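Reckoned from all heavy atoms, side chains included, excluding hydrogens, waters and symmetry mates. Only a predicted model underlies this, so the values are computations on that prediction, with no experimental measurement involved. Along the sequence shown, residues carry numbers from 1.
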Amino acid sequence: MRLGRWRGTVAEVRVNDVSAGLIGWQPYEVEITRAVKKGDNRIEVVVYGSLKNLLGPHHGKITRGLTSPASFRSAPEQLPPGADYDQEDYGLLEDWQLVALRQ
């Protein structure tokens, strides 16, 4: 199984309510053959985010992917409205694909 574009820290692939594997780096694939049974199967992708949206930093000078105590020292004197906070989008941005093995 192969993911298209997605955003998150890790994605879990579940087949018939059982974890079939984790995806966290390229090529964004996981082998699910052993989890698939004859007949109908339920395949889910659960994308896990990070604590960035909860804990921040949300405003000021932000370097994506890097947070340190200094990240919280550059906040503006007047807090911006919530719509201007820096938030990460998490989830599937494209459909995933089942890829057949070549034998």
Side-chain angles (χ1 to χ4, degrees):
M1 189 218 168
R2 179 181 303 142
L3 292 185
R5 289 185 329 113
W6 66 287
R7 297 277 313 249
T9 56
V10 70
E12 178 184 19
V13 178
R14 300 180 59 81
V15 179
N16 302 317
D17 298 319
V18 176
S19 182
L22 299 174
I23 298 174
W25 47 88
Q26 292 183 349
Y28 304 132
E29 296 177 347
V30 66
E31 176 62 52
I32 64 169
T33 303
R34 291 184 177 160
V36 174
K37 62 180 183 181
K38 284 191 176 189
D40 293 337
N41 289 273
R42 178 185 168 114
I43 301 173
E44 302 171 274
V45 178
V46 180
V47 177
Y48 296 94
S50 70
L51 293 175
K52 197 264 188 228
N53 289 347
L54 175 66
L55 302 176
H58 298 116
H59 37 70
K61 185 179 178 183
I62 295 176
T63 303
R64 287 282 175 111
L66 175 65
T67 302
S68 72
S71 303
F72 296 90
R73 293 187 187 127
S74 63
E77 286 196 28
Q78 179 125 4
L79 295 180
D84 292 341
Y85 277 33
D86 183 71
Q87 299 279 292
E88 293 278 355
D89 291 330
Y90 296 116
L92 296 175
L93 305 176
E94 293 179 348
D95 291 336
W96 49 267
Q97 302 171 354
L98 283 179
V99 180
L101 296 174
R102 294 183 183 184
Q103 297 185 15

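Going from atom CD1 of Ile62 over to atom OG1 of Thr67 covers 8.5 Å, rounded to the nearest 0.5 Å. Here CD of Glu88 is found 5.0 Å from CZ of Arg7. Values are rounded to the nearest 0.5 Å. For the atom pair Ile43 CD1 and Asp17 CG, the distance stands at 12.0 Å (nearest 0.5 Å).
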Start with the C-alpha gap between Val15 and Lys37, add the side-chain angles, then the distance that decides, and say whether side chain to side chain contact (heavy atoms under 4.5 Å, CB included) holds.
CA-CA 9 Å; Val15 179; Lys37 62 180 183 181; over 6 Å; no
Test side chain to side chain contact (heavy atoms under 4.5 Å, CB included) on Trp6 and Val45 and set out the steps.
CA-CA 11 Å; Trp6 66 287; Val45 178; over 6 Å; no
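Residues Val18 and Met1 do not share a hydrophobic cluster, clusters being chains of Ile/Leu/Val/Met/Phe/Trp/Tyr side chains in contact below 4.5 Å.
Among residues two or more places apart in sequence or in another chain, the side-chain hydrogen bond (donor to acceptor under 3.5 Å, both in side chains) test is passed with Arg42 by Glu44. With sequence neighbours excluded, no residue forms a side-chain contact (heavy atoms from CB on, under 4.5 Å) with Asp89. Here Ser50 pairs with Tyr90 under the side-chain hydrogen bond (donor to acceptor under 3.5 Å, both in side chains) rule; sequence neighbours left out. Every residue meeting the side-chain hydrogen bond (donor to acceptor under 3.5 Å, both in side chains) condition with Ser19, not counting sequence neighbours, appears here in chain and number order: Glu12. Partners of Tyr48 according to the ring pair (Phe, Tyr, Trp, His ring centres under 6.0 Å) rule, which considers only residues two or more places apart in sequence or in another chain, do not exist here. By the side-chain contact (heavy atoms from CB on, under 4.5 Å) test, Thr63 is found to be paired with Leu66, residues two or more places apart in sequence or in another chain being considered. Every residue meeting the side-chain contact (heavy atoms from CB on, under 4.5 Å) condition with Tyr85, not counting sequence neighbours, appears here in chain and number order: His58, His59, Leu79, Pro80, Gln87. Partners of Arg34 under the side-chain contact (heavy atoms from CB on, under 4.5 Å) rule, at least two apart in sequence or in another chain, do not exist in this structure. Scored by the side-chain hydrogen bond (donor to acceptor under 3.5 Å, both in side chains) test, Asp86 finds Lys52, Arg64 as partners (sequence neighbours excluded).
Listed by first and then second residue, the side chain to side chain donor-acceptor pair (under 3.5 Å) pairs that reach into residues 20-29 are Arg2-Glu29, sequence neighbours excluded.
The shortest heavy-atom contact between Asp40 and Asn16 is O-OD1, 4.4 Å.
Two residues are said to be in side-chain contact when any heavy atoms from C-beta on lie closer than 4.5 Å; Ile32 and Val13 meet this criterion. Taking 4.5 Å as the limit, some side-chain heavy atom of Leu3 sits within range of a side-chain heavy atom of Leu92.
When hydrophobic side chains of Ile, Leu, Val, Met, Phe, Trp and Tyr are connected at separations under 4.5 Å, Leu55 ends up clustered with Leu51, Leu54.
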